[in-house]
Amino acid sequence: MKIYTCQDRLTDIMTCIYDAWSEALKVGHNQIGLKKEPIFQQTMFDEYIHVDGDPSKAEKVIRSIRRSISETAYMNIYYTSLSADENALQAIYDFLRVGFAIGSTVVGQYTNPHVMNLLELRRQVSNEAHHFREFARFQSLENQVYVSHLEPTNDVIMLVGNHFANRMPSEHWMIIDDNRKTACVHVKDGENYLRYLTDDEFSVLQKTESYEDEYTDMWKTFFHSISIEQRKNYVCQRNLFPIWKRKHAVEFR
């Protein structure tokens, strides 16, 4: 079997699908596999083929999905491409095999395991993005730029960023994914864009969490003052706001 691999970026993912599909037309889809990098352990009898991103190939795949299947199908695929699941890329490929065969009705084929697998991954990504939209905390740096640090399982900072672009359009801010060393940057009255940080940039930005201002203190005071001692329920609190997500929450520091 030929295993096509690529970096965890949308352009690379779509290019990987393009090259894998082209080869599948020669050898059959069952002889093709896809995985995101890094690959920690290669299987002995498979051939691994690295694919670099090609914007023209990626655009062809995206255009074909939107035209031949549907816009809804593309959005499901886009969300799934953000998943950290090791089989997310294969799930997209399997979904496309069904989608290109039957068209726009594929999103309603709930009895098809390939469709349900993709929709489940999409749901996980969407739920995590929604969770971090509620719990993202921003630090004000000299009243000029707001910085938020997150450590999501899935690559959701652009989804979170789109939410805040509608609510803080006239502010400079950035949301940093500490796991992936990437940042969603928003310029005042401008558009969001994704920035891959260098080690030096990330090291500097990590220090921003130590900054505090009057609003930080006010929020901590408010958080503790509204609590009712008799109604504290730490089990429920951990279910709604897991401990691993509290690292960057001001009120828990």
Side-chain angles (χ1 to χ4, degrees), residues 3-17 20 32-43 46 48-53 58 61-62 65 73-96 113-137 148-164 174-185 192-199 202 205-206 238-249:
I3 309 295
Y4 284 78
T5 69
C6 65
Q7 292 187 10
D8 191 6
R9 301 177 184 178
L10 183 63
T11 300
D12 297 66
I13 287 171
M14 293 301 168
T15 305
C16 188
I17 291 171
I32 298 295
L34 296 89
K35 285 185 176 293
K36 292 181 182 180
E37 297 174 355
I39 306 298
F40 296 105
Q41 184 173 359
Q42 296 186 2
T43 49
D46 293 324
Y48 286 79
I49 304 169
H50 170 76
V51 176
D52 290 317
V61 174
I62 294 172
I65 295 170
Y74 172 69
M75 290 307 300
N76 288 335
I77 289 169
Y78 170 68
Y79 271 69
T80 305
S81 73
L82 304 176
S83 172
D85 190 285
E86 63 178 354
N87 296 314
L89 184 49
Q90 184 65 50
I92 294 173
Y93 188 82
D94 292 337
F95 174 83
L96 289 175
H114 296 316
V115 175
M116 289 307 299
N117 187 27
L118 181 123
L119 293 179
E120 173 59 21
L121 293 174
R122 187 232 194 271
R123 184 190 65 80
Q124 292 173 10
V125 171
S126 181
N127 286 350
E128 185 173 35
H130 176 72
H131 194 92
F132 278 110
R133 283 196 294 266
E134 294 181 335
F135 292 109
R137 302 290 187 260
S148 175
H149 288 264
L150 304 178
E151 293 188 28
T153 300
N154 303 298
D155 189 7
V156 298
I157 60 167
M158 284 301 289
L159 300 180
V160 178
N162 291 336
H163 170 81
F164 286 104
M174 64 174 64
I175 300 173
I176 301 169
D177 184 335
D178 285 11
N179 287 333
R180 298 170 177 82
K181 295 184 180 179
T182 58
C184 174
V185 182
N192 298 346
Y193 65 89
L194 187 65
R195 172 73 181 272
Y196 294 93
L197 303 173
T198 65
D199 290 339
F202 180 70
L205 288 170
Q206 271 189 312
R238 285 194 295 270
N239 287 334
L240 296 174
F241 198 3
I243 293 176
W244 70 271
K245 291 184 179 180
R246 301 180 190 179
K247 180 179 178 181
H248 304 288

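One-based numbering along the sequence shown.
Under the rule for a side-chain contact (heavy atoms from CB on, under 4.5 Å), the partners of I62 that lie at least two apart in sequence or sit in another chain are M14, R66, Y74. Listed by chain and residue number, Q7, D12, Y196 satisfy the side-chain contact (heavy atoms from CB on, under 4.5 Å) test with R9 (two or more places apart in sequence, or in another chain).
Distance alone, capped at 3.5 Å, places no donor-acceptor pair between the H114 side chain and the Y93 backbone. One N or O on the side chain of N162 and one on the backbone of M158 form a donor-acceptor pair closer than 3.5 Å. Formation of a donor-acceptor pair under 3.5 Å by the D46 side chain with backbone atoms of I3 is not found in this model. Judged by distance alone, the side chain of Y48 and the main-chain N or O of T43 form a donor-acceptor pair under 3.5 Å. In this structure a side-chain-to-backbone donor-acceptor pair under 3.5 Å is present from E128 to N154. When atom types are taken as modelled, the side chain of R180 and the backbone of P152 share a donor-acceptor pair closer than 3.5 angstrom.
Contact check for L159 versus H130: no side-chain heavy atoms found under the 4.5 Å cut-off. Residues L89 and K35 form no side-chain contact, since every pair of their non-hydrogen atoms from C-beta on lies 4.5 Å or further apart. Using a 4.5 Å heavy-atom cutoff, the side chains of F202 and D178 are in contact. The shortest distance between side-chain heavy atoms of T15 and D52 does not fall below 4.5 Å. When side chains are defined from C-beta on, I77 counts as touching L96, because their heavy atoms get closer than 4.5 Å.
Screening residues 79-90 for side-chain hydrogen bond (donor to acceptor under 3.5 Å, both in side chains), with sequence neighbours left out, gives Q90-D94.
With rounding to the nearest 0.5 Å, the separation of CD1 in I65 from OH in Y78 is 13.5 Å. Atom OH of Y4 and atom CG of L34 lie 9.0 Å apart (nearest 0.5 Å). For the atom pair CZ (F132) and CD (E151), the distance works out to 8.5 Å, reported to the nearest 0.5 Å. The CG atom of L119 lies 6.5 Å from the CZ atom of F95; values are rounded to the nearest 0.5 Å. Separation of atoms SG (C6) and CD1 (I17) is listed at 8.0 Å; rounding is to 0.5 Å. Taking CG of L194 as the start and CG of L10 as the end, the distance is 11.0 Å to the nearest 0.5 Å.
Annotation for R122 and N76: closest pair NE-OD1, 2.7 Å, computed over non-hydrogen atoms. Pairing each heavy atom of C184 with each of G161, the nearest pair is SG-CA, 3.8 Å. Minimum heavy-atom separation, K36 to D8: NZ-OD1, 3.0 Å. In plain terms, the two heavy atoms of I32 and A20 that are nearest each other are CG2-CB, 3.7 Å.
Between I176 and the options I157, L197, T182, a side-chain contact (heavy atoms from CB on, under 4.5 Å) holds for only L197.
Remark: the E120 side chain and the Q124 side chain contain an N/O donor-acceptor pair separated by less than 3.5 Å.
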